[in-house]
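FYI, side chains are in, hydrogens and waters are out, and symmetry mates aren't considered; it's all heavy atoms of this structure.
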Amino acid sequence: MESNAKQHKLDLRYLRMARIWAGNSYCQRRQVGALVVKGGMIISDGYNGTPSGFENVCEDDNNVTKPYVLHAEANAITKLARSSNNSDGATIYITASPCIECAKLIIQAGIKRVVYGEQYRLTDGIELLERAHIETLYLNPDEENEPEEK
């Protein structure tokens, strides 16, 4: 088992990486990234956006998110379905707390730990994860200084 300090450092690093990955999103209103990590390896990634083959435009003319835009977590989890990996016991790192729909996917995917970097106004997703006994952890990488290694 990882030491708490080492795990905390890894959590911050993966969360920062998820934030960088969010930059791949074409969404204007909000960019969200997700990484699924298992056994010390990133086994999947995702960011919010339209389904494969659709135009890379997330908002309509009124700047409202189109109903078929996929969330970062959904993209990362469904990407696993097309790979030889599985997410049993994995950790998902998300730049924002998951909505209730993504929380259901996280539960069904067997993910056991959720680390997120921004509190969303709705808390029903986090509440559902806690009800399912999935560890949830809010970390803000901007509030923490990681010591430099020599």
Side-chain angles (χ1 to χ4, degrees), residues 7-146:
Q7 184 62 58
H8 184 74
K9 184 189 282 188
L10 285 172
D11 287 343
L12 286 170
R13 286 184 178 170
Y14 283 126
L15 210 45
R16 288 184 182 111
M17 290 170 72
R19 192 182 278 177
I20 292 166
W21 201 243
N24 289 319
S25 172
Y26 288 91
C27 296
Q28 300 298 310
R29 291 181 62 218
R30 184 171 200 187
Q31 295 182 322
V32 179
L35 296 176
V36 180
V37 176
K38 182 176 176 180
M41 291 176 23
I42 297 170
I43 60 168
S44 191
D45 56 68
Y47 49 86
N48 56 326
T50 56
S52 298
F54 281 62
E55 74 289 349
N56 286 323
V57 179
C58 298
E59 295 84 12
D60 63 20
D61 294 337
N62 297 317
N63 201 33
V64 175
T65 301
K66 294 177 180 178
Y68 52 85
V69 167
L70 288 153
H71 289 185
E73 308 93 308
N75 265 327
I77 291 168
T78 56
K79 196 176 197 180
L80 279 167
R82 298 176 72 173
S83 76
S84 59
N85 288 316
N86 76 68
S87 50
D88 269 338
T91 297
I92 189 166
Y93 294 88
I94 319 162
T95 58
S97 60
C99 70
I100 195 159
E101 293 302 319
C102 288
K104 290 190 276 187
L105 291 175
I106 290 166
I107 293 165
Q108 290 301 96
I111 292 169
K112 293 299 177 211
R113 200 163 168 265
V114 176
V115 180
Y116 61 99
E118 184 185 317
Q119 305 269 17
Y120 188 59
R121 62 182 167 81
L122 299 175
T123 58
D124 51 358
I126 294 296
E127 291 164 9
L128 186 66
L129 292 170
E130 289 171 349
R131 183 174 168 195
H133 306 292
I134 291 173
E135 180 187 344
T136 61
L137 176 63
Y138 165 69
L139 275 183
N140 184 342
D142 295 333
E143 295 172 357
E144 307 222 17
N145 291 325
E146 193 175 323

Heavy-atom check, side chain of Ile126 versus side chain of Tyr116, under 4.5 Å: yes
Atom of Ala22, atom of Gly33 and distance for their closest heavy-atom approach: CB-N, 3.3 Å
Interatomic spacing from OG1 in Thr136 to CD in Glu127 - rounded to 0.5 Å: 10.5 Å
Atom pair NZ/CG of Lys79 and Asp45 - distance to nearest 0.5 Å: 3.5 Å
Student check: side-chain heavy atoms of Tyr14 and Ile42 closer than 4.5 Å: yes
Validation row: Gln119, Asn140 side chains within 4.5 angstrom (heavy atoms): no
Non-hydrogen atoms of Val69 and Cys27 that approach each other most closely: CG1-SG, 4.3 Å
Shortest non-hydrogen separation from Lys104 to Leu128 and the atoms involved: CG-CD2, 3.7 Å
Closest contact, heavy atoms only, Ile106 versus Ile134: CG2-CD1, 4.4 Å
Distance-minimising heavy-atom pair for Ala96 and Val32: N-CG1, 4.3 Å
Partner residues of Gln108 under the side chain to side chain contact (heavy atoms under 4.5 Å, CB included) criterion, sequence neighbours left out: none
Any Arg113 side-chain heavy atom under 4.5 Å of Asp11 side chain: yes
CG-CH2 distance between Asn75 and Trp21, expressed to the nearest 0.5 angstrom: 11.5 Å
4.5 Å side-chain heavy-atom contact, Ile77 and Ile111: yes
His8 side chain reached by Leu139 side chain, heavy atoms, under 4.5 Å: yes
Residue pair Ser87 / Val36: nearest heavy atoms and the distance that separates them: CB-CG1, 4.3 Å
Side-chain heavy atoms of Leu129 within contact of Pro98, under 4.5 Å: yes
